[in-house]
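Read through the structure below, which is laid out as structure tokens, and then see the notes.
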Amino acid sequence: MTAQIITDGPVPKHAQLRDILTELCNTTLKPGDILPGERILEETYGVSRITVRRAIGDLVAAGRLRRVRGKGTFVAPNPLVSRLHLASFSDEMGAQHVHASSKILLGGRASAPDEVSEFFGTDSTLTHTHLRRLRLGDGEPYSIDDGWYNSSFVPNLLENDIYNSVYAILDSNFDLPITEADQTVTAIAADPEIAELLDVEPGTPLLHIIRKSRSGDRPVEWCSSVYRTDRYHLTTRVSRALEN
């Protein structure tokens with residue numbers, strides 16, 4: 001970090017410092033690195049504590065930095081941008097050079113909720129595979145996937161390496177490539193359990209996506225996922241239909 005005394009001018013001091021810190025995050029620090037302490041920033045750039053806190057606050061609000069109570073301020077992970085195409089979490093992460101991993105929260109066979117059984121077209125007494133995973137990018141929590149898998153087609157999913165891409169397993173081990181899915185996107189507030197897993201405050205807004213996936217005409221997966229909005233963005237291109 002090069003000393004660069006900030007002076008009065010047409011651009012406010014906090015905005016100058018914010019630009020300097022942004023450049024530092026882009027060129028020197030990487031996601032997960034700790035930002036120099038407030039006192040060091042004050043002395044290096046010749047600004048007040050208020051200026052430092054305002055610049056950092058702007059970058060926290062923008063998702064470039066994240067504060068961890070009692071530990072400091074860190075460079076935030078790059079947000080995962082999904083273009084609403086059909087791809088697994090692992091594939092989307094890999095396409096953006098982020099290492100994907102999972103922590104298994106639950107795995108077993110159980111009677112599925114009515115909406116799951118209805119989608120699978122099975123009797124409510126038939127058990128299906130229930131898999132709940134915390135999805136991580138470069139070791140940081142991005143989302144929680146709560147998925148059900150149709151035991152009529154995937155009777156022994158849990159005997160495979162479910163820490164990695166389930167879609168890859170469905171394709172290679174069961175000849176069930178996911179070919180289409182219906183998705184519904186809403187917003188929810190993080191309850192205490194989800195907040196702790198995703199490392200956010202209770203009540204934080206989250207993206208909630210329900211995906212019903214098929215392989216051809218075979219209903220294979222029903223999954224409810226919640227995503228941190230600072231680490232997962234949805235984008236799509238829309239066009240206007242031309243009238244004849």
Side-chain angles (χ1 to χ4, degrees), residues 79-93 95 100 102-124 126-137 141-154 157-158 162-171 174 176-198 200 202-238:
L80 175 64
V81 179
S82 174
R83 291 173 175 80
L84 288 178
H85 61 292
L86 189 55
S88 70
F89 178 86
S90 299
D91 287 341
E92 288 186 325
M93 284 291 199
S102 301
K103 178 181 179 181
I104 307 301
L105 304 174
L106 180 153
R109 292 281 291 269
S111 298
D114 290 343
E115 58 187 319
V116 177
S117 297
E118 182 179 351
F119 172 62
F120 288 165
T122 59
D123 188 89
S124 60
L126 183 65
T127 61
H128 295 284
T129 298
H130 188 194
L131 178 60
R132 191 166 185 250
R133 296 178 293 169
L134 176 65
R135 311 308 302 273
L136 308 167
Y142 273 65
S143 68
I144 300 169
D145 288 348
D146 192 356
W148 291 86
Y149 297 88
N150 194 334
S151 60
S152 301
F153 306 118
V154 193
L157 175 65
L158 297 179
I162 53 175
Y163 287 92
N164 294 306
S165 172
V166 169
Y167 279 15
I169 294 171
L170 294 174
D171 190 355
F174 296 94
L176 287 169
I178 298 300
T179 56
E180 64 179 35
D182 297 319
Q183 291 192 151
T184 302
V185 182
T186 56
I188 64 170
D191 64 26
E193 178 189 3
I194 289 175
E196 182 175 0
L197 289 169
L198 292 180
V200 298
T204 297
L206 303 172
L207 277 176
H208 180 212
I209 300 178
I210 292 179
R211 175 183 281 192
K212 302 176 183 179
S213 305
R214 301 176 181 84
S215 179
D217 60 355
R218 294 166 293 186
V220 175
E221 175 198 50
W222 187 101
C223 189
S224 172
S225 301
V226 289
Y227 295 85
R228 284 184 54 148
T229 56
D230 59 337
R231 296 182 182 170
Y232 190 86
H233 299 168
L234 290 173
T235 181
T236 185
R237 174 176 294 178
V238 297

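Predicted model only: the values in this text are computed from it and were never measured. Sequential numbering from 1 along the given sequence is applied to the chain's residues.
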Practice item. Grab the two heavy atoms, one from Ser102 and one from Arg135, that are nearest each other, plus how far apart they are. Key: OG-NE, 2.9 Å

Review point. When rounded to the nearest 0.5 angstrom, what distance separates CD1 in Ile162 from OH in Tyr149?
Key: 9.0 Å

Review point. Backbone N or O of Thr127 within a donor-acceptor pair of the Ser151 side chain at under 3.5 Å?
Key: yes

**Study point:** For the student: nearest non-hydrogen atoms of Trp148 and Val116, plus distance
**Key:** CB-CG1, 3.7 Å

Check your understanding: Are Leu131 and Ile104 close enough, and set up right, to give a side chain to side chain contact (heavy atoms under 4.5 Å, CB included), and what steps lead you there?
Key -> CA-CA 8 Å; Leu131 178 60; Ile104 307 301; 4.2 Å; yes

Review point. Would you say the side-chain atoms of Arg133 pair up with the backbone N or O of Gly147, donor to acceptor, closer than 3.5 Å?
Key: no

Practice item. Measure the CD1-OG1 distance between Ile209 and Thr184 for me, rounded to the nearest 0.5 Å. Key: 10.0 Å

Point to revise | Atom CG of Asp123: over 12 foreign heavy atoms under 6.0 Å | key: yes

Check your understanding: Does a side-chain heavy-atom distance below 4.5 Å link Ser224 with His208?
Key -> yes

Review point. Taking atom CD1 of Ile169 and atom CG of Leu157, what is their separation to the nearest 0.5 Å?
Key: 6.0 Å

Practice item. Measure the CD1-CG distance between Ile194 and Leu206 for me, rounded to the nearest 0.5 Å. Key: 6.5 Å

Check your understanding: In Å, rounded to the nearest 0.5 Å, how long is the span from CZ of Phe174 to CZ of Phe153?
Key -> 12.5 Å

Study note, to complete from the structure: side chain to side chain donor-acceptor pair (under 3.5 Å) with Arg214: of Thr179, Asp182, Asn150, only one passes, and it is Asp182

**Study point:** Closest heavy-atom pair and its distance - Tyr227, Asp145
**Key:** OH-OD1, 4.2 Å

Practice item. Taking the side chain as every heavy atom from C-beta outward, state whether Ser213 and Leu170 have any pair of such atoms under 4.5 Å apart. Key: no

Point to revise | Separation between CD of Glu221 and NZ of Lys212, rounded to the nearest 0.5 Å | key: 12.5 Å

**Study point:** Shortest non-hydrogen contact from Ser165 toward Ala168
**Key:** OG-N, 3.1 Å

Practice item. State, to 0.1 Å, how close Leu136 and Tyr142 come at their nearest heavy-atom pair, and which atoms those are. Key: C-CD1, 4.3 Å

Review point. Is any side-chain heavy atom of Leu197 less than 4.5 Å from a side-chain heavy atom of Leu105?
Key: yes

Check your understanding: Is the backbone N or O of Pro177 less than 3.5 Å from a side-chain atom of Ser215, with the two atoms forming a donor-acceptor pair by type?
Key -> yes

Exercise for review: Over all heavy atoms of both residues, which pair between Arg228 and Leu198 is shortest? Give the atoms and the distance, please.
Suggested key: NH1-O, 2.8 Å

